[in-house]
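As structure tokens, the structure follows; a few thoughts come after it.
Read the numbers this way: they start at 1 and go in the same order the structure lists the ligands and their atoms. All of these numbers come straight from a predicted model, not from anything done at the bench.
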Amino acid sequence: MPAIETNELGKRFGDDIFALDGVDLRVKEGEIFGFLGPNGAGKSTTINILLDFVRPTSGSATVLGMDAQDQSQEIRRRTGVLPEGYQVYGRLTGRQHVQFVIDSKKVDDNPDALLERVGIPEAADRKAGEYSKGMKQRLTLAMALVGEPELLILDEPSTGLDPAGAREIREIVREEAERGATVFFSSHIMEQVEAVCDRVGILRAGELVAVDSIDGLREAAGDGATLRVELATVTDDAIAVVESVSGVTEVRRRDGGLTVSVGNGSKTRVLSALEDAGHEVTDFRTEETSLEEIFMSYTEGSR
Ligand SMILES: Nc1ncnc2c1ncn2[C@@H]1O[C@H](COP(=O)(O)OP(=O)(O)OP(=O)(O)O)[C@@H](O)[C@H]1O
């Protein structure tokens with residue numbers, strides 16, 4: 001049974017905003033799934049439908065094998081959610097927030113242990129209205145972790161966090177997956193996604209344009225690569241030589257060398273063209289396509 005499944009899911013706002021258009025998504029049990037897409041692609045709308053905060057206009061969705069609309073209460077009981085833009089209750093303390101979720105889920109977690117886990121134990125007795133943005137985000141994560149949920153749905157969990165906070169989130173996500181939970185999270189931070197996700201889905205203008213492991217996406221993106229060429233001296237002539245090699249799509253001067261985007265088969269031609277023109281190449285290596293480049297290729301309309 002998939003942890004999340006949508007069938008031809010569609011959502012229209014008003015007459016002409018198609019937030020989702022026939023999305024078929026399957027998230028396997030136990031995996032860490034990154035849900036990517038540019039602003040307005042429909043990520044939050046999808047998440048809101050899974051949790052029955054928003055009703056679809058077509059298609060259907062199941063979460064943990066249950067219908068997202070008919071069994072939403074049971075889904076929310078078994079799911080930990082970090083919603084986008086969660087507003088804290090300014091007058092309640094951090095501990096009271098977590099205790100509230102503990103009580104509503106009828107579990108007996110220790111709120112202080114959860115606040116400790118997300119890195120804000122010393123703020124337990126302070127009013128959440130006084131928390132910084134990152135502290136509020138950490139508090140919201142602690143609330144999502146209550147009751148060891150089978151599924152975690154995190155909408156932009158790293159928003160507002162400093163680098164240490166982002167790393168802690170990655171650790172928590174991994175720990176949760178090791179415990180057996182499925183983690184579904186949306187993010188714009190590609191390094192974060194690349195570091196923890198088993199698979200990613202890329203949404204673009206309401207349509208799912210790719211679903212695969214990052215390596216799978218890299219393969220599908222073709223044989224294009226980025227070359228790093230170190231030269232004894234970088235000159236305009238060297239740049240012109242590289243630009244004239246067939247298959248080269250972009251040449252950038254960076255630090256003491258060149259960063260070159262090339263298609264399949266052009267790598268060695270770049271090297272020989274430079275040497276033929278009398279330029280001394282001191283180092284030459286291929287860089288892996290980053291998730292960010294893959295993301296851009298799917299979402300900028302270039303494929
Ligand atoms: N309540 C609403 N009323 C009208 N349009 C809406 C509503 N909620 C979302 N939309 C529209 O649906 C589309 C998808 O929005 P959504 O918030 O799902 O995108 P997103 O991928 O989560 O974006 P972001 O990365 O900016 O959070 C956008 O065009 C948005 O304006």
*atom 17 (O) of ligand 1 [closest protein heavy-atom partner, distance rounded to 0.1 Å]*: S44 CB, 3.7 Å
*Got a sec, which residues hit ring pair (Phe, Tyr, Trp, His ring centres under 6.0 Å) with Y89, two or more places apart in sequence or on another chain?*
H97
*Examine A19 against ligand 1 and note whether any of their N/O atoms are separated by less than 3.5 Å.*
no
*asked:* Looking at ligand 1, is there an atom of it that comes within less than 4.0 Å of some heavy atom belonging to H188?
replied: yes
_Yes or no: does G14 have any heavy atom under 4.0 Å from an atom of ligand 1?_
no
*Above 12 or not: heavy atoms from other molecules or residues under 6.0 Å from CZ of R91?*
no
_Among all protein heavy atoms in this structure, tell me which lies nearest to atom 30 (C) of ligand 1, with the distance rounded to 0.1 Å._
I17 CG2, 4.8 Å
*More than 12 heavy atoms of other residues, nucleotides or ligands under 6.0 Å from CD of Q87: is that the case?*
no
*Should V211 and F33 be marked as a side chain to side chain contact (heavy atoms under 4.5 Å, CB included) after you check the CA-CA gap, both sets of side-chain angles, and the distance that decides it?*
CA-CA 10 Å; V211 181; F33 190 95; 3.9 Å; yes
*So does K105 have more than 12 non-hydrogen atoms from other groups sitting under 6.0 Å from NZ?*
yes
*Report yes or no: does E84 have a heavy atom closer than 4.0 Å to ligand 1?*
yes
*Does the protein put a heavy atom under 4.0 Å from atom 4 (C) of ligand 1?*
yes
*asked:* Would you compute the distance between atom OG1 of T46 and atom CZ of F35 and round it to the nearest 0.5 angstrom?
replied: 3.5 Å
*Would you mind telling me if ligand 1 is within reach of the side chain of S186, the backbone, both or neither, using heavy atoms under 4.0 Å?*
neither
_Could you check whether atom CD of E148 has more than 12 heavy atoms from other residues, nucleotides or ligands sitting under 6.0 Å from it?_
no
*Shortest protein contact, atom 18 (O) of ligand 1 (heavy atom only)*: T45 OG1, 2.6 Å
*asked:* Would the distance check show the side chain of Q69 and the main-chain N or O of D52 forming a donor-acceptor pair, the cut-off being under 3.5 Å?
replied: no
*Quick one: salt bridge (charged side-chain N to carboxylate O under 4.0 Å, His left out) partners of D255, sequence neighbours excluded?*
none
_Other residues, nucleotides, ligands: >12 heavy atoms within 6.0 Å of F100 CZ_ = no
*What protein heavy atom is closest to atom 14 (C) of ligand 1, reported as residue, atom name and distance in Å?*
G40 O, 3.3 Å
*Any idea which atoms of ligand 1 are less than 4.0 Å away from a heavy-atom of P38?*
21 (O)
_Taking 4.0 angstrom as the limit and counting only heavy atoms of A41, give me the atoms of ligand 1 inside it, by number and element._
19 (O), 20 (P), 21 (O)
*May I ask you to check whether G37 has an N/O atom sitting below 3.5 Å from an N/O atom of ligand 1?*
no
*Looking at atom 26 (O) of ligand 1, what's its closest protein heavy atom, distance included?*
N39 ND2, 2.9 Å
*Taking atom 20 (P) of ligand 1 as the point of reference, which of R12, K43, K11 owns the nearest heavy atom?*
K43
_I need the nearest protein heavy-atom contact for atom 9 (C) of ligand 1: residue, atom name and distance, please._
F13 CE1, 3.4 Å
